[in-house]
Number of protein chains: 2
Amino acid sequence: MHSHAPREKEPCFEQCPVLIRETLDLIAAKWTVPIFFALQSASGPVRYAELQRRLGDITPKELAKHLRNFETAGLVERTVHPTVPPRVEYALTELGESLLPSLQTLADWAIRFGAVVAENKMSNERSAPVRLIKAAGIK
Amino acid sequence: MHSHAPREKEPCFEQCPVLIRETLDLIAAKWTVPIFFALQSASGPVRYAELQRRLGDITPKELAKHLRNFETAGLVERTVHPTVPPRVEYALTELGESLLPSLQTLADWAIRFGAVVAENKMSNERSAPVRLIKAAGIK
DNA sequence: CGGCATCCTCGAGGATACTG
DNA sequence: CAGTATCCTCGAGGATGCCG
């Protein structure tokens, strides 16, 4: 047993691909990061309309859908004040806040290297449009 | 100027939403993380077929497409050995490796809290199937 | 104010088959 | 061996309109 390969580190991905996939799907959803940072920078509950205002062009449907998902996932707490007009506030839970450092780490990479990646794409993608023509026409 | 708000930290997302979005799209693509870890755990160039074998059920099309994207982005280096049969090897560049710690940070969160999130969804989602019926039938 | 219900588009990604 | 070429599905997410 434990014959040849020491298996020195065995990346986490091998251990629980499903959890990682679901986490990636969570944070990669179009509005997840904007919403999280909007709730963070508020440091305090934020009303639905205020959230919508900060996020610019998000539709009510998308905002509501995401907030519901976050709520059932335990990442966001929803508080309804039974007043007229209705007042609904949202805030990150501890669990939700625990995700922020990871998001920040990723954002740091994006800021440091994202531009380089973009430049690479630009300079590699372009040129060689010739290949679109090939031995055009003849077959 | 700098009148009222100190703007203490201004989350990175506000500074460069585009770079962050592109980075999220990059790492959230279905096969990005598997491919990166497959190339890392190899510590050395990996042949196309070997990569496909490690990734299990990825199709040739998807594997090739991702590898091309990574190559043009400067994240992966592709080396062709002009032998028969052909031999093509892939390896992470320094830029590609620089992304690994961020991925690991995210994976750590997934392993620590992913299960909790999944449980929350389970227990919150379920129950109240009654609402599917409403005042069923009557208008 | 704080949503929900519909319709629709668009592209990621799978299945399958073929090639230099 | 290392891909390319086609076709097709499926769901995220936008647009629009209505409601308690």
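Note on naming: letters A, B, ... go to the chains in the order of the sequence lines (proteins, then strands), and numbering restarts at 1 for each one. Computed from a predicted structure; not experimentally measured.
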Task: A/E89 with A/R87: basic N within carboxylate O range, under 4.0 Å - done: yes

- [ ] Mind calculating the distance between CG (A/L55) and P (D/dG13) to the nearest angstrom?
- [x] 14 Å

Open item on the list: Please report the distance, rounded to the nearest Å, between CG in B/L63 and C1' in D/dA5.
Closed with: 17 Å

TODO: Could you name each residue pair satisfying ring pair (Phe, Tyr, Trp, His ring centres under 6.0 Å) that touches residues 93-114 of chain B, not counting sequence neighbours?
DONE: B/W109-B/F113

TODO: Whole angstrom is fine here: how far is it from CZ in B/R54 over to C1' in D/dA2?
DONE: 17 Å

TODO: Could you list all the ring pair (Phe, Tyr, Trp, His ring centres under 6.0 Å) pairs where at least one residue sits in residues 76-96 of chain B, not counting sequence neighbours?
DONE: none

TODO: Could you tell me the separation between the CG atom of A/L51 and the C1' atom of C/dC1, rounded to a whole number of Å?
DONE: 14 Å

- [ ] Return no unless some side-chain N or O of A/R68 is found under 4.0 Å from OP1 or OP2 of C/dC4.
- [x] yes

- [ ] Return no unless some side-chain N or O of A/R47 is found under 4.0 Å from OP1 or OP2 of C/dG2.
- [x] yes

Listed pairs, N/O of protein and of nucleotides 14-16 of chain C, under 3.5 Å:
from, atom 1, to, atom 2, distance (Å)
C/dG14, OP1, B/K30, NZ, 2.3
C/dG14, OP2, B/W31, NE1, 3.3
C/dG14, N7, B/K61, NZ, 3.4
C/dG14, O6, B/K61, NZ, 2.3

Task: Distance, rounded to the nearest Å, where A/L67 contributes CG and C/dC1 contributes C1' - done: 14 Å

- [ ] Just compare D/dC1, D/dG3, C/dG13 and give me whichever is closest to any side-chain atom of B/P85.
- [x] D/dC1

- [ ] Take A/L51 and A/I58, measure what side chain to side chain contact (heavy atoms under 4.5 Å, CB included) needs, and give me the verdict at the end.
- [x] CA-CA 10 Å; A/L51 217 38; A/I58 191 174; over 6 Å; no

Open item on the list: So, does A/Y90 get its side chain near the phosphate of C/dG3, meaning an N or O under 4.0 Å from OP1 or OP2?
Closed with: yes

TODO: For C/dG3, take OP1 and OP2 only and decide whether either is under 4.0 Å from a side-chain N or O of A/R78.
DONE: yes

Task: Neighbour count above 12 (heavy atom, 6.0 Å) for B/E77 CD - done: no

Task: Exercise: identify the closest heavy-atom pair between A/L26 and A/T32 - done: O-OG1, 2.6 Å

Task: d(NZ, B/K65; P, D/dA5) in whole Å - done: 14 Å

Open item on the list: Expressed as a whole number of angstroms, how long is the span from B/R53:CZ to D/dG3:C1'?
Closed with: 19 Å

Task: Least distance between heavy atoms, B/A38 atom then B/R54 atom - done: O-NH1, 3.2 Å

Task: Closest-nucleotide ordering on DNA chain C, the 5'-leading residue of B/P86 and A/A49 - done: A/A49

Task: Between D/dT4 (P) and B/Q52 (CD): distance, integer Å - done: 13 Å

